[in-house]
Amino acid sequence: AQRSVELLERITHQDPDDADAFLLLGHARLAEGEVDRAKDAFDRAVHLGERKTLARAYYGMGLVYLQRPYERYMAIDYFRDAWIKDPTFADARHQMAQIRYKLREHDTKHVLEEVLEIDPDRADATMMMGDWYSDFAEEHENAIVWYAKCLSMQPDDPEVVRRLGVAYLELKEYDRIVDTLLGFAQQHPEAIGLFPIVAQACVKRDKPELALEMFDRYLSEIDAEERELYEDVELISSRDEYREYRSLSREEMQTFLVSFWNGRDPDLSTPVNERLLEHYRRVWYSRTHFARGKKPWDRRGEVYIRFG
């Protein structure tokens with residue numbers, strides 16, 4: 001990418017009125033993390049550009065301000081200018097939708113509708129529409145419709161399937177998860193985020209051993225910091241138990257956890273510890289629903305893990 005920057009700098013030096021070259025230079029500099037210098041290139045393209053070239057120059061300025069967390073509304077303004085200059089510029093409108101979604105603004109849906117009017121087969125906008133129905137409107141049936149449409153465009157996308165699974169869970173559609181998503185999880189080992197969703201459906205459909213297998217696969221694939229959230233027993237142990245646990249070596253901790261969970265197994269005659277499965281479910285739920293703005297979860301997550 002650095003070689004591209006150098007080449008484009010030579011081109012713009014030789015022809016300082018080439019708006020397209022300045023556009024390419026701006027994107028090349030952005031790819032190199034040179035945000036301020038990218039802004040200079042896009043700014044030059046703004047002054048030189050006409051019509052669609054000008055729209056793409058405004059779009060580039062929007063990408064620059066998108067790198068500055070406290071200037072996202074400036075990014076929206078530039079993306080809007082790009083769309084006004086070129087009403088067919090779906091990327092500009094979609095960037096506006098993404099920012100508004102992150103800012104939790106309800107007019108995200110209106111912007112997405114405009115994107116999909118321009119490009120009805122745009123998968124990322126289709127998935128975001130599902131997110132809007134799931135997160136903002138809490139209309140999970142409608143979310144499922146949009147996620148299913150997105151899945152028809154990208155049938156092997158694990159993230160689309162994960163979001164579809166979360167919507168199924170919200171509606172307690174456990175049979176649909178087992179019937180339609182279990183096979184996907186088994187055939188796509190990279191679909192890590194789907195494993196705990198399938199596990200919960202398996203618990204509800206009296207398949208505890210398969211549920212534990214799914215959770216174990218999930219825990220074996222996530223990073224150590226995330227796995228620690230599932231293994232930590234601070235919220236469900238007594239002060240004395242937790243004090244003892246924290247005083248142990250890593251190897252001793254594992255031995256402690258085996259004894260800890262055996263003592264909370266509600267039915268020793270079954271091959272699976274149902275209380276452990278429930279703990280995994282509560283931690284996953286707290287990470288999924290109570291982690292916005294605070295890590296690993298807010299006060300609601302603490303209460304939920306303790307008491308359900």
Side-chain angles (χ1 to χ4, degrees), residues 1 4-5 8 11-12 17-137 142-143 146-147 149-150 152-154 157 159-160 163:
S4 298
V5 170
L8 288 164
I11 293 173
T12 55
D17 294 324
D18 188 339
D20 290 330
F22 277 103
L23 276 177
L24 293 172
L25 178 58
H27 286 292
R29 285 175 171 172
L30 263 186
E32 286 292 294
E34 300 177 7
V35 178
D36 291 336
R37 298 187 71 212
K39 180 179 179 297
D40 292 339
F42 288 129
D43 188 54
R44 180 63 179 165
V46 166
H47 288 89
L48 294 172
E50 296 180 1
R51 296 181 183 176
K52 290 190 175 182
T53 300
L54 182 56
R56 277 145 183 78
Y58 283 139
Y59 181 79
M61 291 293 284
L63 294 178
V64 166
Y65 281 99
L66 200 56
Q67 302 301 311
R68 301 171 176 176
Y70 298 104
E71 297 185 90
R72 286 182 290 189
Y73 281 107
M74 284 291 292
I76 289 176
D77 288 343
Y78 275 112
F79 290 135
R80 182 187 294 110
D81 289 342
W83 180 68
I84 290 172
K85 289 296 180 183
D86 180 3
T88 67
F89 199 173
D91 282 349
R93 208 65 176 142
H94 187 258
Q95 288 286 359
M96 290 177 61
Q98 285 185 307
I99 299 172
R100 292 191 181 283
Y101 184 86
K102 290 177 181 177
L103 294 171
R104 310 297 293 170
E105 295 184 356
H106 280 265
D107 66 345
T108 301
K109 180 174 181 283
H110 173 68
V111 181
L112 284 171
E113 287 171 341
E114 293 177 331
V115 173
L116 291 167
E117 185 176 348
I118 299 170
D119 185 359
D121 297 321
R122 184 169 180 133
D124 53 3
T126 301
M127 184 161 70
M128 192 180 295
M129 187 67 87
D131 293 342
W132 187 90
Y133 275 108
S134 179
D135 295 342
F136 283 90
N142 283 328
W146 285 97
Y147 289 141
K149 181 178 179 180
C150 187
S152 71
M153 303 174 191
Q154 301 178 166
D157 189 331
E159 182 55 25
V160 180
R163 297 185 194 196

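This chain uses plain numbering: 1 for the first residue, then up along the sequence.
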- request: Indicate the atoms forming the closest heavy-atom contact of Met153 with Asp121, along with that distance.
  value: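 Where Met153 meets Asp121 most closely, the heavy atoms are SD-O, 3.5 Å.
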Point-to-point distance, once rounded to the nearest 0.5 Å, from CG of Asp81 to CD1 of Ile76: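 Going from the CG atom of Asp81 to the CD1 atom of Ile76 covers 12.0 Å.
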- prompt: Taking the six-membered ring for Trp, are Tyr59 and Phe79 parallel (under 30°), tilted (30 to 60°) or perpendicular (over 60°)?
  reply: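 If you compare the ring of Tyr59 with that of Phe79, the planes turn out tilted.
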field: Nearest atoms (heavy-atom pairs only) where Phe22 meets Ala45
entry: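 Heavy-atom minimum between the residues: CB-CB, 4.1 Å.
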query: What's the shortest heavy-atom distance between Ala55 and Lys85, and which atoms?
result: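 Shortest heavy-atom contact: CB-CB, 3.8 Å.
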field: Closest non-hydrogen atom pair between Leu66 and Ala75, with its separation
entry: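 Nearest heavy atoms, Leu66 then Ala75: N-CB, 3.9 Å.
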- request: Please work out which of the three classes, parallel, tilted or perpendicular, describes the rings of Phe136 and Tyr101, given edges at 30° and 60°.
  value: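 Ring orientation of Tyr101 relative to Phe136: perpendicular.
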Value rounded to 0.5 Å, distance of CZ in Phe89 from CD in Gln95: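 Reported to 0.5 Å precision, the distance equals 9.0 Å.
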message: I need the minimum non-hydrogen distance between Trp83 and Ala92, along with the two atoms involved.
response: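 Heavy-atom minimum between the residues: N-CB, 4.2 Å.
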- request: Test His27 against Leu63 for side chain to side chain contact (heavy atoms under 4.5 Å, CB included), laying out the working first.
  value: CA-CA 9 Å; His27 286 292; Leu63 294 178; 3.6 Å; yes
field: Audit row: Ile84, Tyr58, side chain to side chain contact (heavy atoms under 4.5 Å, CB included) steps and yes/no
entry: CA-CA 10 Å; Ile84 290 172; Tyr58 283 139; over 6 Å; no
message: So that I can tick it off, tell me whether Asp91 and Arg122 are bridged by a salt bridge, with the cut-off set at under 4.0 angstrom between side-chain N and carboxylate O.
response: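 Yes, this pair counts.
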task: Output yes when Asp77 and Arg80 qualify as a salt bridge under the 4.0 Å nitrogen-oxygen rule, no when they do not.
output: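 Judged by the 4.0 Å cut-off on N to carboxylate O distance, Asp77 and Arg80 do form a salt bridge.
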task: Salt-bridge test for Arg44 and Asp17: reply yes if a basic N is under 4.0 Å from a carboxylate O, no otherwise.
output: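 Salt bridge flag = yes for Asp17 with Arg44.
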Validation row: Arg29, Lys39 side chains within 4.5 angstrom (heavy atoms):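 Of all side-chain heavy-atom pairs linking Lys39 with Arg29, none is under 4.5 Å.
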message: Looking at every heavy atom in both Cys150 and Ala123, which two are closest together, and how far apart are they?
response: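 Heavy-atom minimum between the residues: SG-O, 3.5 Å.
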- request: Apply the test side chain to side chain contact (heavy atoms under 4.5 Å, CB included) to residues Glu117 and Arg93: give CA-CA distance (whole Å), side-chain angles for both, the deciding distance (0.1 Å), then the verdict.
  value: CA-CA 11 Å; Glu117 185 176 348; Arg93 208 65 176 142; over 6 Å; no
field: Nearest-0.5 Å distance that lies between atom CG in Leu25 and atom CG in Leu30
entry: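 Between atom CG of Leu25 and atom CG of Leu30 there are 10.0 Å.
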message: Run Gln154 and Glu159 through side chain to side chain contact (heavy atoms under 4.5 Å, CB included) and show every step you take.
response: CA-CA 10 Å; Gln154 301 178 166; Glu159 182 55 25; over 6 Å; no
- prompt: Once the angle between the rings of Trp146 and Tyr133 is folded into 0 to 90°, is it parallel (under 30°), tilted (30 to 60°) or perpendicular (over 60°)?
  reply: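 Taking Tyr133 first and then Trp146, their aromatic rings lie parallel (interplane angle under 30°).
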- prompt: How many angstroms lie between NZ in Lys109 and CG in Leu116, if you round to the nearest 0.5 Å?
  reply: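 Result: 10.5 Å between the selected atoms.
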task: Could you check if a side-chain atom of Gln98 sits within less than 4.5 angstrom of a side-chain atom of Asp124, using non-hydrogen atoms only?
output: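 No, every pair of side-chain atoms sits at 4.5 Å or beyond.
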- prompt: If you measure from CD on Glu71 to OH on Tyr78, what distance do you get to the nearest 0.5 Å?
  reply: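 The CD atom of Glu71 sits 10.0 Å away from the OH atom of Tyr78.
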- prompt: Going from CZ on Arg56 to CG on Leu23, what distance comes out if it is rounded to the nearest 0.5 angstrom?
  reply: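 So the gap between those two atoms works out to 9.0 Å.
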- prompt: Is a side-chain donor or acceptor of Arg72 paired with a backbone partner of Pro69 at a separation under 3.5 angstrom?
  reply: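 Confirmed, Arg72 side chain pairs with Pro69 backbone.
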